[in-house]
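This report refers to the structure that appears directly beneath it.
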Amino acid sequence: MGIDRRGFLKASAASGAMLGASALMPKFATAQGADILVGGLHDETGGLDFAGKPMQQVLGFAVDEINAQGGLLGRKLKLIGADTQSNMQLYASLAQQVALKDKVSVVHGGITSASREVIRPALRRFNTLYFYNTLYEGGVCDRNCFCTGTTPAQTVQKLVPHVMKKWGKKVYTIAADYNYGQITSAWVKKYVEENGGQVLSTDFFPLDVTNFGPTIQKIQAAKPDLVMSVLVGAAHLGFYRQWAAAGMKKQIPIASTTFGAGGTEPILITPEESEGIISCYGYYPTIDTPANKAFKAKVQAKLGAAPPAGNGPLLTELSVCTYEGMMLWAAGVKKAGTLDRMKVIEALESGISLDMPSGKVTIDPVTHHVTRDVYLADLKNREFVILESFAQQPPADTQAVCDLKKNPNENQHYQIKL
Amino acid sequence: MDYGLVVLIEVLRAIAGLVLISIGLAIIFGMMRIVNIAHGEFLMLGGYTVVLSAKAGINTWVAMLVLAPLVVGLVGVAIERCFIRFLYGRMLDTLLATWGLSLFIVGFVTVVFGNTLEGVSVSVGSFEIGRFRVAGYSLFIILVGAVLLAATVAVLRFTRLGLIARGTMQNPNMAAALGLSPPRIYMVTFGIGAALTGLAGGVLAPITGVVPTMGIAFIAQAFITVITGGAAIVAGTGSASTLLGSVSQLTTFATTPVIGDVALLFIAVVLLRILPQGITGRFFRRSL
């Protein structure tokens with residue numbers, strides 16, 4: 001039997017249609033199926049892996065915990081974890097993949113502000129709810145996005161007067177050269193000047209710079225009372241190594257808006273190199289409350305001890321805010337009684353408040369940021385010794401510019417003007 | 001006064017850094033005409049040798065000065081035997097082959113050791129110059145750079161091996177007629193180029209930390225230095241490193257590291273417009 005052209009076309013059209021139908025079938029199945037899918041986009045490898053790995057681990061831990069308590073809406077959660085490899089192109093394509101192919105109900109993720117600004121517009125376009133759980137420079141105003149980390153009005157505002165009172169009024173800022181570093185160093189300047197001090201210079205470094213020799217000499221020539229580090233990522237750890245190697249540790253003290261916030265920085269460099277760096281975040285593992293102790297014990301029992309002792313996640317602001325972001329979303333879904341994106345957003349905007357390892361965390365309906373407790377700590381032999389705590393700090397910086405109640409369709413990233 | 005001295009040390013360190021990353025390439029590319037795109041990966045392997053040896057409890061200095069050149073030298077010889085020896089005289093083909101090799105090495109190291117930054121600390125201490133404190137390791141890098149340049153001159157000029165290598169690169173047929181074995185000399189020369197690169201990677205590892213993709217940061221600077229230097233290996237590498245290193249480092253002092261890199265590239269472009277044969281195409285022509 002010969003196959004003529006018409007027969008071939010018919011046959012291939014029919015088989016094509018069947019293939020298409022069968023490819024669509026599982027999609028329908030997952031949309032109504034048992035598991036609720038949750039996306040997690042974190043840099044598990046590459047230059048930011050020391051921050052991304054614990055975030056992804058703790059997100060998985062949060063999913064397991066919710067499942068152990070019976071899941072959400074009678075269904076189990078399933079984490080779709082994607083490794084963005086510290087690569088912006090992968091953020092774009094993986095965000096598209098989890099939103100359109102996997103059709104997740106929410107995405108938690110993004111570490112650098114640069115990566116957030118890659119996936120935030122994409123997830124808004126795909127109508128996929130987004131949680132950004134990292135401390136950042138503040139100012140995101142987008143109804144589809146919730147930011148659970150701290151912002152400068154919560155942390156830098158406390159850190160700057162504290163270290164200026166302790167060490168002196170002349171500050172030298174070194175910062176990562178992208179939106180987070182640029183905007184945060186502007187906040188540093190604002191708070192230093194408000195407290196009667198002076199920023200001698202602000203130097204910016206791309207994320208792959210490893211040689212800080214000239215900078216260290218320039219800092220010595222400027223003779224500041226303290227160095228404010230807004231450096232980000234593994235390459236920039238070279239600064240702390242070279243600073244200690246030049247014997248500067250005892251000469252000029254360092255405060256930082258990033259050191260130890262993300263993860264294993266204090267582990268990657270020696271205790272002598274990190275000794276005495278003062279920071280201010282929304283969470284430290286040394287917070288002395290029963291809730292935090294119970295949380296730490298649970299994480300350790302499930303995932304192992306934190307490095308260097310074990311392979312468990314390091315509990316820091318980034319990883320714990322990821323846990324808290326997941327719990328806030330789950331509370332929103334429970335309250336809404338549905339996975340419908342708008343209904344969940346409205347439920348979250350009712351001002352959901354949870355008692356978390358870091359203290360009480362409340363969603364601010366006007367900005368989609370959170371009001372939370374903030375702590376100030378000194379690093380002593382790889383341990384954060386908490387010096388001061390500040391209860392229930394509102395995200396005042398974003399509140400000054402963003403009102404999602406009045407303008408629900410706003411989609412902006414406001415930046416501080418000096 | 002003290003500031004001037006400190007700037008001088010940093011400039012010398014930048015020059016020594018360029019010498020370190022490009023001297024191996026000067027031999028492999030400048031002498032043997034192999035466009036070795038995998039040069040950055042040789043540096044990376046040197047760095048990994050030091051980090052892994054330090055983790056295994058081996059003395060860091062032994063790892064840096066002995067193991068790193070040894071391991072990368074042997075890897076170089078193996079690569080020469082497997083790929084490069086079929087490609088002598090085919091410059092564009094060496095570019096493609098070593099590019100593939102570079103992707104393979106990066107992928108291989110990522111799979112085995114993970115795409116994670118690893119560091120190693122050496123304690124050299126620091127010293128004071130007036131109001132400033134300088135890391136002792138900066139002086140160590142300057143020392144290694146100077147010793148490497150001097151040793152390369154000495155080997156090429158005063159030893160039989162150097163004479164034979166130079167002669168073979170100029171005219172392999174004549175060398176063969178005189179009873180030498182060009183394939184073996186190529187192999188040894190390539191191995192030495194790789195070993196020097198491994199040493200450089202090892203010495204730089206404590207400053208930069210190591211990650212499988214670190215080679216990319218060095219490959220452009222290495223090629224720019226060698227090409228700007230021109231035909232003479234030592235004089236070319238030395239003069240190009242001095243010029244480019246001081247321009248970029250002084251610009252960095254005056255502005256930021258980004259502008260410093262821009263200044264380096266700018267000078268290189270201008271220089272190649274004026275001196276298409278590199279610095280040693282016009283000056284120091286009869287030197288090594």
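Letters A, B, ... mirror the listed sequences (proteins, then strands); counts begin at 1. All values reported here derive from a predicted model rather than from experimental measurement. Values below: every heavy atom of this structure, side chains too, minus hydrogens, waters and symmetry copies.
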>> Name the residue from B:Thr252, B:Thr255, B:Leu250, B:Val7 that meets the side chain to side chain contact (heavy atoms under 4.5 Å, CB included) definition with A:Pro214.
In response: B:Thr252
>> Using only atom types and a distance under 3.5 Å, with no angle test, would you say the side chain of A:Lys218 pairs donor to acceptor with the backbone of B:Ala254?
In response: no
If I take atom [atom1] from residue [X] and atom [atom2] from residue [Y], how far apart are they, to the nearest 0.5 angstrom?
X        : Y        : atom1 : atom2 : value
A:Lys250 : B:Ser126 : NZ    : OG    : 9.0 Å
B:Arg13  : A:Asn211 : CZ    : CG    : 4.0 Å
A:Gln217 : B:Arg133 : CD    : CZ    : 11.0 Å

For [X], does the [atom1] atom have more than 12 heavy-atom neighbours from other residues, nucleotides or ligands under 6.0 Å away?
X        : atom1 : answer
A:Lys166 : NZ    : yes
A:Glu383 : CD    : no
A:Asn311 : CG    : no
B:Trp61  : CH2   : yes

Side chain, backbone, both or neither of [X] within contact of chain A (heavy atoms, under 4.5 Å):
X        : value
B:Pro212 : neither
B:Val134 : both
B:Thr213 : neither
B:Tyr137 : neither

> Which answer fits A:Glu273, side chain, backbone, both or neither, if we ask what part of it has an atom under 4.5 Å from a heavy atom of chain B?
Replying inline: side chain
> So which part of A:Asp49 gets closer than 4.5 Å to some heavy atom of chain B, the side chain, the backbone, both or neither?
Replying inline: side chain
> Should A:Gln220 and B:Arg131 count as side-chain neighbours, where that means a heavy-atom distance under 4.5 Å?
Replying inline: no
> So, for B:Pro257 and A:Phe204, which heavy atoms are closest and what is the spacing to 0.1 Å?
Replying inline: CD-O, 4.3 Å
> Any idea which of A:Ala221, A:Pro206, A:Ser86, A:Gly238 has the most non-hydrogen atom pairs under 4.5 angstrom with chain B?
Replying inline: A:Ala221
>> I'd like to know which of B:Phe127, B:Phe132, B:Tyr3 tops the heavy-atom pair count under 4.5 Å against chain A.
In response: B:Phe132
> What residue, out of B:Val11, B:Val6, B:Thr256, has the most heavy-atom pairs lying under 4.5 Å from chain A?
Replying inline: B:Val6
